[in-house]
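Convention: sequence-line order gives letters A, B, ...; per-chain numbering from 1.
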Amino acid sequence: MPELPEVETVRAGLAPALTGARVLAIEIFDERSLKRHRSGPADFVQTLVGARIASVVRRGKFIWMPLEFDSKSATQQAGTPQLALVGHLGMSGQMLLRKRGDAPDKLTRVIINCETKRGKLIEFRFIDQRLFGGLQLDELVATPDARAGGFSPNAAKAKWWTNLIPASAAHIARDPLDEFFDADAVWLRFHKKHSGVKRVLLDQQLLSGIGNIYADEALWQAKLHYDQPADTIKRTTFDSLLASVRSILEKAVAEGGTSFDEQYKNVNGESGYFDVSLNAYGMTDQPCGRCGKAIRRDSWMNRGSHFCPNCQRLRKTA
DNA sequence: AACACATCCTGACTGC
DNA sequence: TGCAGTCAGGATGTGT
């Protein structure tokens, strides 16, 4: 499912169409996609209809759209919290952009009808097979470090929402592609952890955006076993692991995300191409691209860990 | 506090 | 064809 590169591809696809767009109407086909919106589906609709989308922002795997309300500007000035439409793709979510009236997409859970700032009528469709993802309206709060909440292309000029983040995503760490990502600070916490390095890489509160695929790929590139305890890893190894993470994420972003299965789609419903360059994930029994030994898949945390048993060995220190 | 684990869900695909 | 079993890239709450 979607990890940082897929979510960024979606964000980048949504932004040109949705920035400045106004919400006209909402169709809910499955309320479970709104379960994280605590005030209920009716409140979701009532609040969101009429709002204008100010931007599309991402941190890690979270996407949010700061909202502006013409009719409520007076109360906003009086201290009402700023709101954002927050989305998470979970394991199987997609966010598609369609023209009003286009053929239906399977498993569509919510449609948000919008008018773009150029006056085009479009549908933002939230599709989700497993319902682990969802949409919600959430209050924006100040970031703890008073810097940008997340990535968006028009954040260069400070806007009212620049240094805000949805409360529900405030605990999510900056991702390795974030311009304010602090490698030294991450190292300080990383090297004290006794858990296996893969578990630590997947901890969104330490660094965000990495999921099972890119964890396996980065560990393969850095020649680390998934269960190598983080506190046995030297700073130089951590640095090269981080360099691997960054280069893999950047490459995947440049290629528009992975499409290992049919779940991941960009906003036009198209798959990415990164799967051709996977070295570990999904390569069970295939020869390792470095040494030729068969890639192994271990059952791990209710999912899979793919690694080369020759290149990626558990060591006393790494 | 830090860590490990169970749990939330459905649909597509595989193999008998 | 039908059906049971398997699998899936995440996040969170709970218990130790």
Side-chain angles (χ1 to χ4, degrees), chain A residues 1-10 29-36 38 58-63 86-95 105-109 126-136 138 166-173 175 188-220 226-227 229-231 245 248-249 252-253 255-266 271-275 277-284 297-307:
Chain A
M1 275 12 1
E3 304 179 41
L4 186 154
E6 293 72 41
V7 180
E8 173 54 25
T9 302
V10 169
F29 302 96
D30 197 320
E31 295 188 349
R32 290 173 297 180
S33 287
L34 302 177
K35 65 189 165 199
R36 298 192 61 195
R38 294 294 176 188
R58 178 192 57 77
R59 176 188 291 208
K61 306 170 194 171
F62 282 78
I63 285 180
V86 183
H88 197 291
L89 299 174
M91 297 272 266
S92 52
Q94 300 171 18
M95 295 177 181
D105 293 286
K106 250 189 238 183
L107 304 174
T108 299
R109 310 296 191 183
F126 185 77
I127 285 122
D128 191 10
Q129 184 209 124
R130 293 176 73 186
L131 298 166
F132 288 178
L135 302 174
Q136 66 178 135
D138 196 17
S168 54
H171 63 294
I172 299 296
D175 59 67
L188 285 178
R189 294 170 59 198
F190 176 95
H191 89 285
K192 290 177 190 155
K193 292 191 177 282
H194 191 59
S195 305
V197 57
K198 180 167 172 180
R199 197 185 281 275
V200 177
L201 278 183
L202 295 177
D203 180 356
Q204 306 296 304
Q205 304 195 40
L206 183 64
L207 72 174
S208 67
I210 303 169
N212 206 34
I213 292 186
Y214 296 108
D216 282 0
E217 291 301 306
L219 291 170
W220 181 86
Y226 62 87
D227 235 358
D231 59 6
V245 166
I248 288 167
L249 292 179
V253 168
E255 298 189 31
T258 306
S259 64
F260 178 71
D261 63 12
E262 280 303 298
Q263 295 292 359
Y264 165 66
K265 298 288 167 76
N266 68 14
S271 300
Y273 297 98
F274 188 70
D275 55 338
S277 37
L278 291 175
N279 283 300
Y281 184 83
M283 302 295 283
T284 313
R297 178 189 189 274
D298 280 4
S299 248
W300 179 86
M301 297 249 319
N302 274 332
R303 57 189 71 174
S305 242
H306 308 75
F307 69 109

Polar side-chain atom of [X] near backbone of [Y] as donor-acceptor pair, under 3.5 Å:
{"X": "R58(A)", "Y": "G60(A)", "answer": "yes"}
{"X": "E217(A)", "Y": "N279(A)", "answer": "yes"}
{"X": "D298(A)", "Y": "S305(A)", "answer": "no"}

- If you measure only the distance, is there a donor-acceptor pair under 3.5 Å linking the side chains of D128(A) and S33(A)? no
Categorize [X] for me: base, sugar-phosphate, or nothing, with a 4.0 angstrom heavy-atom threshold over every strand shown.
{"X": "H171(A)", "answer": "sugar-phosphate"}
{"X": "R297(A)", "answer": "sugar-phosphate"}
{"X": "L202(A)", "answer": "nothing"}
{"X": "R32(A)", "answer": "sugar-phosphate"}
{"X": "D216(A)", "answer": "nothing"}

Taking atom [atom2] of [N] as reference, at what distance in whole Å does atom [atom1] of [X] sit?
{"X": "D203(A)", "N": "dA1(B)", "atom1": "CG", "atom2": "P", "answer": "15 Å"}
{"X": "I63(A)", "N": "dA11(C)", "atom1": "CD1", "atom2": "C1'", "answer": "16 Å"}
{"X": "L131(A)", "N": "dG10(C)", "atom1": "CG", "atom2": "P", "answer": "17 Å"}
{"X": "R199(A)", "N": "dA4(B)", "atom1": "CZ", "atom2": "C1'", "answer": "5 Å"}
{"X": "H194(A)", "N": "dA4(B)", "atom1": "NE2", "atom2": "P", "answer": "8 Å"}
{"X": "E31(A)", "N": "dC9(B)", "atom1": "CD", "atom2": "P", "answer": "14 Å"}
{"X": "L89(A)", "N": "dA8(C)", "atom1": "CG", "atom2": "C1'", "answer": "15 Å"}
{"X": "D128(A)", "N": "dG10(C)", "atom1": "CG", "atom2": "P", "answer": "13 Å"}

Of the listed nucleotides [options], the one nearest the side chain of [X]:
{"X": "R36(A)", "options": "dG10(C), dT12(C), dT10(B)", "result": "dT12(C)"}
{"X": "E3(A)", "options": "dG10(C), dC3(B), dT7(B)", "result": "dG10(C)"}
{"X": "R130(A)", "options": "dG10(C), dG11(B), dC9(B)", "result": "dC9(B)"}
{"X": "S195(A)", "options": "dG11(B), dC3(B), dG10(C)", "result": "dC3(B)"}

- Message: I'd like the P distance from dT14(C) over to dC9(B), given in whole Å.
- Response: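 Those two atoms are separated by 15 Å.
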- Message: Between dT12(C) and dG11(B), how far apart are the two P atoms, rounded to whole Å?
- Response: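 Result for the P pair: 24 Å, nearest Å.
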- Over 12 foreign heavy atoms within 6.0 Å of NE2, H194(A):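 No, not enclosed.
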- Query: Would you say a side-chain N or O of K193(A) is under 4.0 Å from OP1 or OP2 of dA2(B)?
  - Reply: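 So the side-chain polar atoms of K193(A) never come under 4.0 Å of the phosphate oxygens OP1 or OP2 of dA2(B).
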- Query: Hey, is the side chain of H88(A) poking within less than 4.0 Å of OP1 or OP2 on dA11(C), counting only N and O atoms?
  - Reply: yes
- pi-stack flag for F132(A) and dA11(C), centroid dist under 5.5 Å, interplanar under 30°: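 The ring of F132(A) is not stacked on dA11(C).
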- Hey, are the side chains of L201(A) and L219(A) touching, using non-hydrogen atoms and a 4.5 Å cut-off? yes
- Message: Taking atom types as they are modelled, would you say the side chain of R303(A) forms a donor-acceptor pair with the base of dG10(C) within the 3.5 Å cutoff?
- Response: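 Per atom types, the contact qualifies.
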- Query: Using purine N1 to pyrimidine N3 plus N6-O4 or O6-N4 for Watson-Crick, or N1-O2 and O6-N3 for G-U wobble, each under 3.5 Å, what pairs with dC9(B)?
  - Reply: none
- Between G196(A) and N302(A), which is nearer to the 5' end of DNA chain B once each is assigned its nearest nucleotide?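 On the 5' side of the pair lies G196(A).
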